[in-house]
Enquirer: 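Take this structure, written in structure tokens, and hold onto it; I'll ask about it next.
For clarity, every value in this text was computed on a predicted model and none was experimentally measured. Numbers here are sequence positions counted from 1.
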Amino acid sequence: MTLTYTALAGRAASRTRRRVLVFGVCGLAALFVLLTVSLATGEMRIPAATALRALVGAGDPGDVLVVREFRAPRAVAAIVAGAGLGAAGCVLQRLFRNPLASPDVMGVTGGASLGAVALLAAGASQTLIPVGALAGGLVAALLLGVFAWRSGLAVARLVLTGLAVQAGLAAAVNLMIVRFPAELAGSALQWTTGSVYGRTWAEVWGAGAAMVLVLAVALVLHRRLAVLDLGDESAGALGLNTSTARLQHLFLAVTLASLAAALAGPVTFVALAVPHIVRFVTGPPTAATLALGSLTGAVLLLASDLVVQHLVPVNGLPVGAVTATLGAPLLLVLMFRQSKPVHRSHA
């Protein structure tokens, strides 16, 4: 009997590894195709092979200018921001054991919006807006931690506190936008919806380097999440300080989401949807699925930006409008599934 259970477990693990491998290969292929399309299409169409050569500085100088200075930064910004949002959503949903947990719910996007809008109101340079967004997201996380600390960072209290923080920050942002002069209100409203338009290589490299570092730390500390899955009592019996471990992962997730917001604005629903997509394909979460969450987020946000650029007949539409349109039905489905009563049969 033991051999049978062992064999079944081995087969299940083998199937999971195959699914992860296939999903990863398909995700990388999709990302490459989307990146090529993003570099090749626009007001001036460029053959795919020519666009890829221009990306490395070869070919006609005009093609190199268009691809490297205008199209590539925007595409890479979508990839980096999507990767951060996908990983942040995976960490938060596993940490809170709640399929509705995401930076949108925990107050991070509200903090990022408030930080950016506050700098706009102060007349700061556009180059400082991402810094304000990053600072605002981290301040929101600090508020969340302070308000929930007395409960020992209990899961239920963190989620409820996050909702309160998000609502308060969103109200503050709306009040500031209403009081803005007309010329600033449009700019602030577009930024708070989420957009990768006009990103520069300096912004992309800065956020990308920080994102890689934080993702590496999250992967190294992933085993602690597996221990937290056992419950606080069991994790404590194994020697893990559950409050400290939960705070560490919360800080990592918030930093990832804040870096993404600093680069692309508070793009909604990507962090909410990605963990569900990954779990549906690969099963229970592992360190590999955390990496796949980053890949899926990058693919989803880059695809959404391509929809904004080429399929929606509205100039200047932020990418956050597309992700919100796609994500709202998903949120309703998830809330409906969470609210369905559990039927038990009685013998």
Side-chain angles (χ1 to χ4, degrees), residues 27 30-43 67 70-89 102-104 108-110 112-113 115-117 120 126 129-130 132-134 136-137 170 173 177 186-201 203-204 207-208 211 256-275 277 293-331:
L31 189 63
F32 176 77
V33 171
L34 291 171
L35 178 60
T36 303
V37 171
S38 181
L39 298 177
T41 55
E43 292 185 6
V67 170
F70 298 105
R71 295 179 182 175
R74 177 171 183 165
V76 177
I79 292 172
V80 172
L85 290 172
S102 74
D104 314 332
V108 179
T109 56
S113 298
V117 171
L120 282 173
Q126 286 287 337
I129 303 304
L134 177 59
V173 170
I177 291 178
S187 176
L189 188 60
Q190 183 181 31
W191 194 94
T192 55
T193 308
S195 175
V196 290
Y197 174 77
R199 296 285 75 85
T200 65
W201 278 121
E203 295 169 341
V204 171
M211 194 82 73
L256 288 169
S258 298
L259 287 169
L263 192 58
V267 178
T268 57
F269 289 111
V270 173
L272 175 67
V274 164
I277 297 172
S294 297
L295 177 60
T296 305
V299 170
L300 186 59
L301 190 55
L302 183 56
S304 298
D305 191 49
L306 285 174
V307 170
V308 166
Q309 293 183 68
H310 306 299
L311 298 182
V312 179
V314 179
N315 291 328
L317 184 70
V319 67
V322 173
T323 60
T325 302
L326 297 175
L330 172 64
L331 180 60

Enquirer: Contact between V274 and L85 at the side-chain level, heavy atoms closer than 4.5 Å - yes or no?
Expert: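 No, side chains not in contact.
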Enquirer: Between side-chain atoms of residues 317-324 and protein atoms elsewhere (two or more places apart, or another chain), which donor-acceptor pairs fall under 3.5 Å?
Expert:
unit_1: T323; atom_1: OG1; unit_2: T268; atom_2: O; d: 3.0
unit_1: T323; atom_1: OG1; unit_2: G320; atom_2: O; d: 3.0

Enquirer: On a heavy-atom basis, which atom in L301 and which in G82 lie closest, and how many Å separate them?
Expert: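 L301 and G82 have their closest heavy atoms at CD2-N, 3.4 Å.
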Enquirer: About how many Å separate CG of L295 and CD1 of I79, when rounded to the nearest 0.5 Å?
Expert: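 One finds 10.0 Å between CD1 of I79 and CG of L295.
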Enquirer: Identify the heavy atoms of T41 and R71 that sit nearest to each other, and give their distance.
Expert: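 Nearest pair, atom of T41 first, then R71: O-CZ, 3.2 Å.
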Enquirer: Which pair of heavy atoms, one from V267 and one from A264, lies closest together, and at what distance?
Expert: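 That would be CG2-O, 3.7 Å.
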Enquirer: Find out whether F269 and T325 are in side-chain contact, i.e. whether some heavy atom of one side chain is under 4.5 Å from a heavy atom of the other.
Expert: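 Of all side-chain heavy-atom pairs linking T325 with F269, none is under 4.5 Å.
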Enquirer: May I ask you to decide if L34's main-chain N or O and S38's side chain share a donor-acceptor pair within less than 3.5 Å?
Expert: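 Looks like no, no N/O pair under 3.5 Å.
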Enquirer: What's the shortest heavy-atom distance between V299 and G27, and which atoms?
Expert: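 Minimum heavy-atom separation between V299 and G27: CG2-O, 3.6 Å.
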Enquirer: For the residue pair V80 and M211, what are the closest heavy atoms and their distance?
Expert: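 V80 and M211 have their closest heavy atoms at O-CE, 3.4 Å.
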Enquirer: If you look at every heavy atom in A261 and A133, which pair is closest and at what distance?
Expert: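 Looks like O-CB, 4.0 Å.
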Enquirer: How far apart are the C-alpha atoms of L263 and V196, what are their side-chain angles, what is the distance that settles it, and do they pass the side-chain contact (heavy atoms from CB on, under 4.5 Å) test?
Expert: CA-CA 7 Å; L263 192 58; V196 290; 5.9 Å; no
Enquirer: Find out whether L259 and L134 are in side-chain contact, i.e. whether some heavy atom of one side chain is under 4.5 Å from a heavy atom of the other.
Expert: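 Yes. Closest side-chain heavy atoms under 4.5 Å.
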